[in-house]
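Below: the structure, in structure tokens.
As the structure lists them, so they are numbered: ligands from 1, and atoms in each ligand from 1. Numbering starts at 1 and runs along the sequence shown.
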Amino acid sequence: MLSSLKAPATETRGRKNSGGVEFHAVSKTFPDGTRALHDISIHCPAGEATVFVGPSGCGKTTALRMINKMILPTGGSVTVNGTDVASMATTELRRQIGYVIQNAGLFPHKRVIDNVALIPRLLGEAKSPARERAAELLKLVGLPAELGRKYPHQLSGGQQQRVGVARALAADPPILLMDEPFSAVDPIVRRDLQYHLKSLQAELKKTIIMVTHDLDEAVFLADQVVVFRPGGIAQVDTPDRILTTPADSYVEGFTKGNAGIKWLSLLPTAGLTLEAASSEPGSSTQVSANWILQNDANGRPQSWIPAGSAASNAAGPIPVRSPFVHGTDMLNAALNSAVLSPSGKAIATDPQGHTRGVVDSREIHLAVMTAKGRIDE
Ligand SMILES: Nc1ncnc2c1ncn2[C@@H]1O[C@H](COP(=O)(O)OP(=O)(O)OP(=O)(O)O)[C@@H](O)[C@H]1O
Ligand SMILES: [Mg+2]
């Protein structure tokens, strides 16, 4: 991996506020009289992801842009590493900050590789090392190096978005601002980008401040969620507490009544005990009295074959739907898999999709109750 991109973990965590961003009683009234924010205070800790959610027009982008001085507060102050941004030279400040926007915002007349290398070049780096590094960054965000030769319009929306992230990382800034970075891509690509960003963050430990309309995205990516209401803040808390202990009915309204289901997306599947199922290509395993799990020629789960009393009722094999990746996916995915399976058992695979085992829905229920510290049965 890129050693130059690795977070200086001990330094960052040891120093108070290093890379951290704070809003101190910040207000913003635009020249036309619009009061976008009134007296907000937020601490975005260094090395963590803080995600702003809230309805349209409630001031999320305004707050984000105050961090890199694209917008200046009319009251209060914003500090980076404990220093008021108002007292910092704009170029010096922005050197510490990567900025990713919706639709990536790439320069159309520049090749992908040069879009990524742009900021290091502006900072005086020579062309060849800047391009080499840009190629590494493309790899880091999951794009093939050949793509660097193309122009932005020759890429899909999801690929452009990845280039946008690579470009923001190019100067290796400790802080990454992201304003609805994935909102313009379809749900499947979006999920993929979210997974990628999450694993990238686990390694790079940037101070991320991100805006989204999507509570699922916020809960998945955030260490800390900030729920905005028009002009102010309704709650600042961990994803877990936003879901289980909303400050008021306004915050609760954001979960659309599905807080319990969303909460399952915070619980790992790594601790689930798997029941054995063969991973051999073409093999089958009887996992319950009535159901046999059949693998395809690559050792991936393919279909449920009815046995026992199910054999006389079911017309034939039932295709497998939605296995979960053991240790990577969260409990919501395991529960989904169990619900969709005729045997009531979720199918666990490795990251390549090969059968690892099955999990009974009762084991999933037990994991949920254990996580809640509530086992009454
Ligand atoms: N330059 C400006 N001049 C006047 N009013 C503005 C300006 N920029 C933003 N506003 C207003 O400030 C308020 C907050 O805008 P902001 O863009 O921060 O909202 P947001 O939460 O990011 O919304 P969205 O989710 O739609 O992106 C809105 O009422 C908006 O119309
Ligand atoms: Mg906005």
Side-chain angles (χ1 to χ4, degrees), residues 21-44 49-80 85-86 90 93-94 97-106 157-158 160-161 164-165 167-168 175-187 190 193-194 197 207-222 224-237 239 242 246-256 262:
V21 173
E22 279 194 69
F23 292 79
H24 307 269
V26 168
S27 297
K28 177 68 186 181
T29 304
F30 283 103
D32 69 354
T34 307
R35 256 169 56 135
L37 290 170
H38 181 67
D39 195 18
I40 64 159
S41 294
I42 314 167
H43 174 212
C44 310
T50 296
V51 180
F52 296 173
V53 286
S56 192
C58 64
K60 305 178 298 293
T61 295
T62 301
L64 193 76
R65 289 184 171 174
M66 285 176 174
I67 300 168
N68 63 1
K69 279 189 21 179
M70 288 170 75
I71 294 178
L72 302 173
T74 45
S77 64
V78 178
T79 59
V80 167
V85 296
T90 305
L93 172 70
R94 291 190 187 160
I97 300 176
Y99 187 40
V100 185
I101 54 172
Q102 195 181 2
N103 291 321
L106 303 175
Q160 290 184 29
Q161 218 47 69
V165 174
R167 186 180 57 176
I175 300 167
L176 208 54
L177 308 182
M178 310 179 93
D179 197 348
E180 303 197 41
F182 308 142
S183 61
V185 291
D186 71 64
R190 185 177 181 131
L193 290 168
Q194 289 166 355
L197 178 63
T207 305
I208 293 180
I209 300 157
M210 174 169 163
V211 173
T212 178
H213 277 111
D214 178 351
L215 184 65
D216 290 336
E217 183 167 280
V219 161
F220 180 69
L221 290 171
Q224 167 174 276
V225 178
V226 180
V227 181
F228 278 70
R229 63 167 100 243
I233 288 170
Q235 189 169 357
V236 181
D237 236 321
I242 294 286
D248 55 25
S249 57
Y250 174 86
V251 177
E252 199 172 2
F254 269 93
T255 66
K256 300 192 181 76
K262 290 186 197 299

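Looking at Phe52 and Cys58, their side chains never come closer than 4.5 Å, going by heavy atoms from C-beta outward.
Across every non-hydrogen atom of Lys28 and Ile71, the tightest pair is CE-CG2, 3.7 Å. The shortest heavy-atom contact between Ala49 and Leu221 is CB-O, 3.5 Å.
With 3.5 Å as the limit, one finds a donor-acceptor pair spanning the side chains of His24 and Thr79.
For the pair Arg167 (side chain) and Gly105 (backbone), a donor-acceptor distance under 3.5 Å is present. Using modelled atom types, one side-chain atom of Ser27 and one backbone atom of Asp39 make a donor-acceptor pair closer than 3.5 Å. Between the side chain of Thr74 and the backbone N or O of Thr29, at least one donor-acceptor pair lies under 3.5 Å.
The distance cut-off of 2.8 Å around the Mg ion (ligand 2) captures these protein N, O or S atoms, sorted by chain and number: Thr61 OG1.
Look at Asp216 and Arg190 and you find no salt bridge, because none of the NZ, NE, NH1 or NH2 atoms lies under 4.0 Å from a carboxylate O.
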Under a 3.5 Å threshold, I'd like every N/O contact between ligand 1 and protein atoms, with atom names and distance.
from     : atom 1 : to     : atom 2 : distance (Å)
ligand 1 : 18 (O) : Thr62  : N      : 2.9
ligand 1 : 18 (O) : Thr62  : OG1    : 2.5
ligand 1 : 19 (O) : Gly59  : N      : 3.3
ligand 1 : 21 (O) : Cys58  : N      : 3.1
ligand 1 : 21 (O) : Gly59  : N      : 3.0
ligand 1 : 21 (O) : Lys60  : N      : 2.9
ligand 1 : 21 (O) : Lys60  : NZ     : 2.9
ligand 1 : 22 (O) : Thr61  : N      : 2.9
ligand 1 : 22 (O) : Thr61  : OG1    : 2.8
ligand 1 : 23 (O) : Gly57  : N      : 2.8
ligand 1 : 25 (O) : Lys60  : NZ     : 2.7
ligand 1 : 25 (O) : His213 : NE2    : 2.9
ligand 1 : 26 (O) : Ser56  : OG     : 2.4

Between Leu37 and Phe228, is a side-chain contact (heavy atoms from CB on, under 4.5 Å) present by the stated rule, with each step listed? CA-CA 10 Å; Leu37 290 170; Phe228 278 70; 4.0 Å; yes

